[in-house]
Chemist: 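Supplied in structure tokens, the structure appears directly below.
Chain A is the first sequence line, chain B the second, and so forth, proteins listed ahead of strands; every chain is numbered from 1. Just so it is clear, the structure is predicted and the values come from calculations on it, not from any experiment.
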Number of protein chains: 2
Amino acid sequence: MNKPVKNDGTVGKALEILDAVAMYERPVRFSELLEQSPYPKATLYRFLQTLTNQKFLEYDQTAGTYSLGIRLMRLAHTAWKTASLAPIARPHTEELVAKVGETVHLAQLDNGQVLFIDKLRATDRFQTLAQVGQVAPAYCTGVGKAMLAFIAPKRLQIVLQQQSFYKFTPATHTSVASLNQELECVRKDGIAFDREEHEQGINSIATPILSSSGRLIGAISIATATNRFDCEALMQFKGSLLETAKKIGEDATSWQFPS
Amino acid sequence: MNKPVKNDGTVGKALEILDAVAMYERPVRFSELLEQSPYPKATLYRFLQTLTNQKFLEYDQTAGTYSLGIRLMRLAHTAWKTASLAPIARPHTEELVAKVGETVHLAQLDNGQVLFIDKLRATDRFQTLAQVGQVAPAYCTGVGKAMLAFIAPKRLQIVLQQQSFYKFTPATHTSVASLNQELECVRKDGIAFDREEHEQGINSIATPILSSSGRLIGAISIATATNRFDCEALMQFKGSLLETAKKIGEDATSWQFPS
DNA sequence: AGATTGAGTTTCAATTAATGAAACCAAAAT
DNA sequence: ATTTTGGTTTCATTAATTGAAACTCAATCT
């Protein structure tokens with residue numbers, strides 16, 4: 001007899017405004033937010049004031065715009081340090097970078113999406129790779145597919161149902177059938193590929209991180225520009241990648257993955 | 001006739017709980033939070049539930065602990081991308097790293113503290129340098145002193161009054177007098193030093209970033225292990241550092257620094 | 001210039017949600 | 001077996017949220 005959810009009172013409403021502001025990905029005016037808002041003027045106005053006071057939003061006096069505030073960065077840093085897999089994995093990911101000399105990504109699954117929680121750049125050759133806190137769809141990234149392959153079948157169904165398949169590049173697979181086929185390969189082989197499916201010119205090989213009890217807790221990938229290595233060439237690092245994932249899994253066994 | 005502030009109602013109270021959780025820097029139990037909390041059991045309980053529902057906190061079922069949630073990382077990433085100086089500065093900081101081959105930090109002043117908003121590692125030699133979102137006191141960091149030297153005198157007074165001077169290393173200066181003296185040098189010379197004052201074995205030279213109208217908007221530094229360069233040796237990069245700060249300042253002139 | 005529109009801000013009584021003392025429950029400690 | 005500790009739920013009281021409407025100020029139109 002679950003309540004219809006979404007009943008987090010005043011606080012919940014206020015927090016959802018943060019998402020609304022984030023959505024725009026640029027400073028946004030009061031009136032723009034008002035259009036999207038289910039709340040009347042005065043109510044929205046007070047929410048924005050409160051969030052600004054609390055430094056969760058930042059108000060630009062001269063432009064009359066709101067953007068996400070500085071306090072979020074402070075809190076997120078603490079979250080990263082104390083509640084993410086990243087610090088635990090660091091020694092091992094560092095080692096992997098040193099060994100293979102290419103960029104390594106660490107990610108978790110968050111609500112069917114990939115959330116990148118660490119990025120170790122081996123070279124300064126290109127800048128467009130994922131950043132900490134960035135999200136990406138699971139169906140077209142290496143780490144995403146690595147993780148989807150190891151969640152419960154019924155959860156997978158739900159995730160895929162909610163997913164809209166956007167064709168980021170010509171190489172993006174957008175059918176559930178081909179995805180399922182790929183996931184099957186991942187389960188057999190332990191390796192997921194991303195052949196420029198999310199970003200043109202970038203490919204990667206990825207593997208899930210499993211706790212010693214077999215529960216999925218994240219994924220790591222080695223990513224590189226296609227003109228340096230293609231996926232087949234990246235497979236020379238397969239051994240190191242799997243080994244790293246195994247070590248992280250062991251170290252992280254006590255650690256709880258968010259549901 | 002300013003109200004006594006701190007009157008942000010239910011939402012404000014809830015958000016302050018996030019800080020309380022962050023303070024511990026580890027997963028924390030309900031009862032621990034209750035001790036510190038001004039609210040009665042039931043109230044705190046409901047706040048925690050709401051924040052957890054909203055993914056601002058994460059509840060570990062088996063350990064019975066709360067930690068900061070994943071949604072903070074997503075939001076912070078957007079904040080970084082859309083509301084911080086970092087993306088604007090990136091081309092120039094990248095260029096600086098390429099030129100000097102040492103780590104470059106970008107920081108803002110947040111309420112008298114230094115907030116690091118970007119970090120470009122040139123080498124993988126050491127890992128202990130600042131991370132994005134990390135905060136540090138202003139009085140004992142290069143970027144901090146660079147910025148303190150260029151805020152309004154009365155604001156400086158307030159900041160120094162609120163500051164407690166902790167001796168992080170043997171080299172940390174803890175007197176207002178010596179700090180003022182240093183700030184004077186920064187104003188003349190444009191360069192602030194950190195000679196292992198915050199972290200043992202790490203030193204840096206820093207310079208403020210000023211908008212074309214002369215307003216302070218941040219600071220950049222070149223940081224390195226002392227066994228690679230000492231401050232005197234780092235001064236060979238002074239020209240590049242100043243030039244980079246100037247370019248960033250020009251590009252960022254339209255950008256609003258949070259009060 | 002004077003009028004008008006539009007964006008943002010403030011007021012206030014009705015309404016609704018937050019509050020917190022106390023009861024309750026489960027699991028661990030004695 | 002009993003008590004204590006730590007966490008969760010209840011419910012009448014209390015206090016805060018709500019939102020229609022009035023207002024302000026600046027920009028735009030006539």
Chemist: For DNA chain C, what residues of residues 23-33 of chain A have any heavy atom nearer than 4.0 Å?
Modeler: A:Arg29, A:Phe30, A:Ser31
Chemist: If you measure from the Lys or Arg side-chain nitrogens to the Asp or Glu carboxylate oxygens, is any gap between B:Arg71 and A:Asp110 under 4.0 Å?
Modeler: no
Chemist: Please report the interatomic distance CD(A:Gln113) to CD(A:Gln134), rounded to the nearest 0.5 Å.
Modeler: 11.0 Å
Chemist: Side chain of B:Lys13, heavy atoms from C-beta onward: which of C:dT19, D:dT10, C:dT9 has the nearest atom to it?
Modeler: C:dT19
Chemist: Between B:Tyr66 and B:Tyr59, what is the ring plane arrangement, given parallel below 30°, perpendicular above 60°, and tilted in between?
Modeler: tilted
Chemist: Between D:dG19, C:dT9, C:dA18, which nucleotide has the shortest distance from any of its atoms to the side chain of B:Arg46?
Modeler: C:dA18
Chemist: Report the distance from atom CZ of B:Phe47 to atom C1' of D:dA16, rounded to the nearest whole Å.
Modeler: 11 Å
Chemist: Ring pair (Phe, Tyr, Trp, His ring centres under 6.0 Å): which pairs involve residues 146-166 of chain B, sequence neighbours left out?
Modeler: B:Tyr139-B:Phe165, B:Tyr166-B:Phe168
Chemist: Would you say A:Asp251 and A:His92 are linked by a side-chain donor-acceptor pair, where the criterion is simply a distance under 3.5 Å?
Modeler: yes
Chemist: With a 4.5 Å limit on heavy-atom distance, are the side chains of A:Asp118 and A:Ile220 in contact?
Modeler: no
Chemist: Counting only side-chain nitrogens and oxygens, does B:Tyr45 get under 4.0 Å of the OP1 or OP2 atom of D:dG7?
Modeler: no
Chemist: Which of these nucleotides, C:dA17, C:dG20, D:dA20, is closest to any side-chain atom of A:Pro40?
Modeler: D:dA20
Chemist: Between A:Lys41 and C:dT10, does any side-chain N or O lie under 4.0 Å from OP1 or OP2?
Modeler: no
Chemist: When rounded to the nearest 0.5 angstrom, what distance separates CG in A:Leu15 from OG1 in B:Thr50?
Modeler: 8.5 Å
Chemist: Tell me: CD of B:Gln49 to P of D:dT10, nearest whole Å?
Modeler: 11 Å
Chemist: Could you tell me the separation between the CD atom of A:Gln54 and the CG atom of B:Leu18, rounded to the nearest 0.5 Å?
Modeler: 9.5 Å
Chemist: Looking only at side-chain atoms of B:Thr43, point me to the closest of C:dG20, C:dT9, D:dG19.
Modeler: C:dG20
Chemist: Nearest to the A:Thr10 side chain among D:dT9, D:dA16, C:dA17, which nucleotide is it?
Modeler: C:dA17
Chemist: With a 4.0 Å cut-off on N to O distance, would you call B:Arg26 and B:Glu32 a salt bridge?
Modeler: yes
Chemist: Enter the inter-axis angle for the ends of the helix from C:dA1-D:dT30 to C:dT30-D:dA1 (five pairs per end, rounded to 10°).
Modeler: 30°
